[in-house]
Colleague: 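To start, I am sharing the structure in question, which I have written as structure tokens.
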Amino acid sequence: MQANCPECEAEITLDKPMRGEIIVCPDCGAELEVTSENPLALDLAPQEEEDWGE
Amino acid sequence: MITASIIGGSGYAGGEVARLLLAHPSVELAQVTSESHVGEYLYNVHPNLRGRTKLQFTTPDQIAPCDVLFVALPHGEAQKRIDALSARAPRLIDLSADFRLRDLAAYEKWYGEPHRAPNWVNKFVYGLPELHRAEMREAKNISGVGCNATATNLALLPLVRANLLDATRPIIVDIKVGSSEGGNSPSLASHHPERSGAVRTFSAVGHRHTGEVEQELGLTNVHLSITSIEMVRGVLATAHCFLKAGTTEKDLWRAYRSTYKDEPFVRIVKDKTGIYRYPEPKILSGSNYADVGFEIDEATGRAVSLCAIDNLMKGAAGSAVQAMNLMCGFDERVGLEFPGLHPI
Amino acid sequence: MITASIIGGSGYAGGEVARLLLAHPSVELAQVTSESHVGEYLYNVHPNLRGRTKLQFTTPDQIAPCDVLFVALPHGEAQKRIDALSARAPRLIDLSADFRLRDLAAYEKWYGEPHRAPNWVNKFVYGLPELHRAEMREAKNISGVGCNATATNLALLPLVRANLLDATRPIIVDIKVGSSEGGNSPSLASHHPERSGAVRTFSAVGHRHTGEVEQELGLTNVHLSITSIEMVRGVLATAHCFLKAGTTEKDLWRAYRSTYKDEPFVRIVKDKTGIYRYPEPKILSGSNYADVGFEIDEATGRAVSLCAIDNLMKGAAGSAVQAMNLMCGFDERVGLEFPGLHPI
């Protein structure tokens, strides 16, 4: 099954997607939630910002 | 197997070419010349090559004909001796700045003296595969690339190709560099107590590599500034630019992906997690990678495009060996597989 | 082709094993586990592997049977789970300290707790090829090596083998180390403003690796002291010892040459010219080399023996892959050809 990352439009293929599963976009690292298995649909999962910076 | 020799092999770039060729499955490193180190073993100057080769430096006039000649002489030398040099090999790669610029007026402007071999200038292809792969496959003579120019060119290329830049606004490229860019001749400025921990504004305006960026990207409003920091190998180009109104982050992803998705040595690094979210030069040391990233402030159209490379590899010897692979019909990646180290 | 997997692949040593196996022509890296990073891509933790592998971290219980299992768990974990781990592969290499010491009493002395899998201790061969090559070829289970112990062992081995040491005198080994020895878990001590530029006496006496040195060299009067310096990768062991009366420099050359002349990864570095006259760890980063050197004051019989390594390579992952090559009958050097960088 294939879908595009909502953040960066990378093509993401998942062989056995499960609704509610959280995956990481291989290109931009955004956390995505599988909102539909067939056809595959991905939404941005709520991601709290890690502390990052000097 | 082909034979390759290096003219001027005692410098840092020449040493890297030697390291790469010694491990290249289809190349035999025949000779390496150095006027100042004649008779010494290569590893006396390049200690990482101890036990890897018994080769000793010879003098340039002892160079026997070979298939590919790498020229890594100080600036200005290659153009003086190009006729003699090119007689030694059907294919030649010059790592210096002598044959990078096509426009003789531009050369004189940036290098302060008229070119000594003007009729050779147009016989060279500019040696950045991401820009000239097809021509390089057919080329007999290829020029090396400037390290700061390469980081700048690869940072801005996607924006130029997708025509996203607001041409009315200047592009400022603030480049952080390491000490190996200065080569291996010592000075008070490179003396450890003076250089260690420095954050030294090295070339605030008028950096020579601007000529290459103007030539290769067709831009006229690009301005480079260099700051030397605590680093030996590495370049990080931070390109500050303004994009056409309405440009979105998705537009940028599309532009960067279409420019680089098939490039074996360019990786897009723009990540939401981990501590290496943007291009980081230190983990590229010894690899031929150019890592490219970006951010955009959609409200103002301001964008920052980033490119990290190892100045001695993608910015010099790595691109030169990539050029040889293209010229000789080898797989472009052969001999350039080292991925870099972490932690380092 | 053989399949290999890594248990505990999110640490620095595990990451190096992954880097080496991904480039190894006869190995397919099947799985890499990490409890803390399950589901993440390898390159999220090891950024140098971006673009090199699509592998994601799995959990240890998902490990499928494979030909060789590398175990790179925190100290004490392997001995708790050795039965389950060894069921997954006919050959196992444990990088931790759990199975290095043969003597259970010595283990309890140096690690402060009784061994949890005493019946396994004698099923492991100590994984330093320069000392146990023949046994390693036949071994099913090989222990990793301690980085500081390895630098010490390789510095002193020629003197032990040639029986030149004055047994009545203590041997003091003053070892300079980098920050990557502490692994990737942060602390105030490794916080950059505190660690940068430090010359920190880390373990003045009673360093754990002494047990390995006593076991492997049969010495009882060897004393290690560690100082952390401005370095990420690298170990320099400076072994201070006293030799039997009348020992000459020529005796030392003979001893070092006979011990190391056929060793693919040990180079003798004692030079009269150049700026790398003695072993220098920084140019070994990423390589599997151990550089060994020496000096003697013939008047007093005092000698200094030096060994430089990359703690993550010859001191951990490099020796582990060397062990795999031996176990599987591959050429010992395969996948370990990277010579290191200069300048760096």
Side-chain angles (χ1 to χ4, degrees), chain B residues 12 15-16 18-20 22-23 37 40-41 43-53 178-180 183-184 186 196-197 230-234 263-269 271-277 279-280 282-287 289 291 310 312-313 337-344, chain C residues 12 15-16 18-20 22-23 37 40-41 43-53 178-180 183-184 186 196-197 230-234 263-269 271-277 279-280 282-287 289 291 310 312-313 337-344:
Chain B
Y12 288 149
E16 276 292 85
R19 171 177 73 86
L20 295 171
L22 283 168
H37 293 277
E40 288 179 50
Y41 290 102
Y43 69 80
N44 289 130
V45 176
H46 308 301
N48 56 328
L49 301 183
R50 179 187 287 267
R52 283 309 168 98
T53 171
S179 54
S180 65
N184 61 7
S196 176
E230 185 60 36
M231 190 162 59
V232 171
R233 285 177 182 236
E263 286 298 340
F265 292 109
V266 183
R267 303 183 298 198
I268 298 174
V269 181
D271 220 312
K272 285 198 183 307
T273 60
I275 56 174
Y276 293 89
R277 302 182 180 202
E280 164 62 68
K282 77 168 184 165
I283 59 167
L284 302 181
S285 290
S287 88
Y289 280 126
D291 282 358
D310 173 344
L312 292 177
M313 283 295 290
E337 298 88 354
F338 179 69
L341 297 173
H342 166 264
I344 186 166
Chain C
Y12 288 149
E16 276 294 84
R19 171 176 74 85
L20 295 171
L22 283 167
H37 294 276
E40 289 180 48
Y41 292 99
Y43 68 80
N44 288 131
V45 176
H46 307 301
N48 55 328
L49 302 183
R50 180 186 285 267
R52 282 307 165 99
T53 172
S179 54
S180 64
N184 61 8
S196 177
E230 187 60 34
M231 189 162 59
V232 172
R233 284 177 182 238
E263 286 298 340
F265 291 108
V266 183
R267 303 182 299 197
I268 298 174
V269 181
D271 229 313
K272 293 220 182 303
T273 60
I275 55 172
Y276 293 88
R277 303 181 180 206
E280 164 60 67
K282 79 167 183 165
I283 60 166
L284 303 181
S285 290
S287 88
Y289 280 126
D291 282 358
D310 173 343
L312 291 177
M313 282 296 289
E337 299 88 352
F338 179 69
L341 297 172
H342 167 263
I344 187 167

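What's counted below: heavy atoms across the whole structure, side chains too, no hydrogens, waters or symmetry copies. We name chains A, B, ... by the order of the sequence lines, and we start the count at 1 in each one.
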Colleague: Between C:Arg50 and B:Asp271, is there a side-chain N and carboxylate O pair less than 4.0 Å apart?
Modeller: yes
Colleague: What distance do C:Tyr43 atom OH and B:Ile283 atom CD1 have between them, rounded to the nearest 0.5 Å?
Modeller: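 So the gap between those two atoms works out to 12.0 Å.
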Colleague: Distance from C:Asn48 atom CG to B:Ser285 atom OG, nearest 0.5 Å?
Modeller: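 Rounded to the nearest 0.5 Å, the CG-OG separation comes out at 11.0 Å.
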Colleague: Could you give the distance from NE2 (B:His46) to CG (C:Leu341), rounded to the nearest 0.5 Å?
Modeller: 13.0 Å
Colleague: Between chain C and each of B:Val45, B:Ile344, B:Asp310, count heavy-atom pairs under 4.5 Å; write down the option with the most.
Modeller: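 Max contact count across the listed options: B:Ile344.
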Colleague: Under the side chain to side chain contact (heavy atoms under 4.5 Å, CB included) test against B:Pro343, which residue among C:Pro47, C:Ser179, C:Ser180 passes?
Modeller: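 Of the listed options, the one satisfying the test is C:Ser180.
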Colleague: Compare every heavy atom of B:Arg52 with every heavy atom of C:Tyr289, then report the nearest pair and how far apart it is.
Modeller: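 Answer, listing the atom of C:Tyr289 first, then B:Arg52: OH-NE, 2.7 Å.
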Colleague: Given that the side chain runs from C-beta out, which part of B:Glu40 has a heavy atom under 4.5 Å from chain C: side chain, backbone, both or neither?
Modeller: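 Neither part; nothing is under 4.5 Å.
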Colleague: Report the option among C:Val269, C:Leu284, C:Leu49 that has the most heavy-atom pairs separated by less than 4.5 Å from atoms of chain B.
Modeller: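 Looking at each option in turn, the highest pair count goes to C:Val269.
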Colleague: For B:Leu312, is it the side chain, the backbone, both, or neither that has a heavy atom closer than 4.5 Å to a heavy atom of chain C?
Modeller: side chain
Colleague: With a 4.5 angstrom heavy-atom cut-off, is it the side chain or the backbone of B:Ile268 that approaches chain C, or both, or neither?
Modeller: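 B:Ile268 touches chain C through backbone heavy atoms alone.
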Colleague: Under a 4.5 Å cutoff for heavy-atom pairs, which residue among B:Arg233, B:Arg19, B:Met231, B:Glu16 has the most contacts with chain C?
Modeller: B:Arg233
Colleague: Once you measure the plane-to-plane angle for C:Phe338 and B:Phe338, does it fall in the parallel (<30°), tilted (30-60°) or perpendicular (>60°) bin?
Modeller: parallel
Colleague: Could you tell me the separation between the CG atom of B:Asn184 and the NE2 atom of C:His342, rounded to the nearest 0.5 Å?
Modeller: 7.5 Å
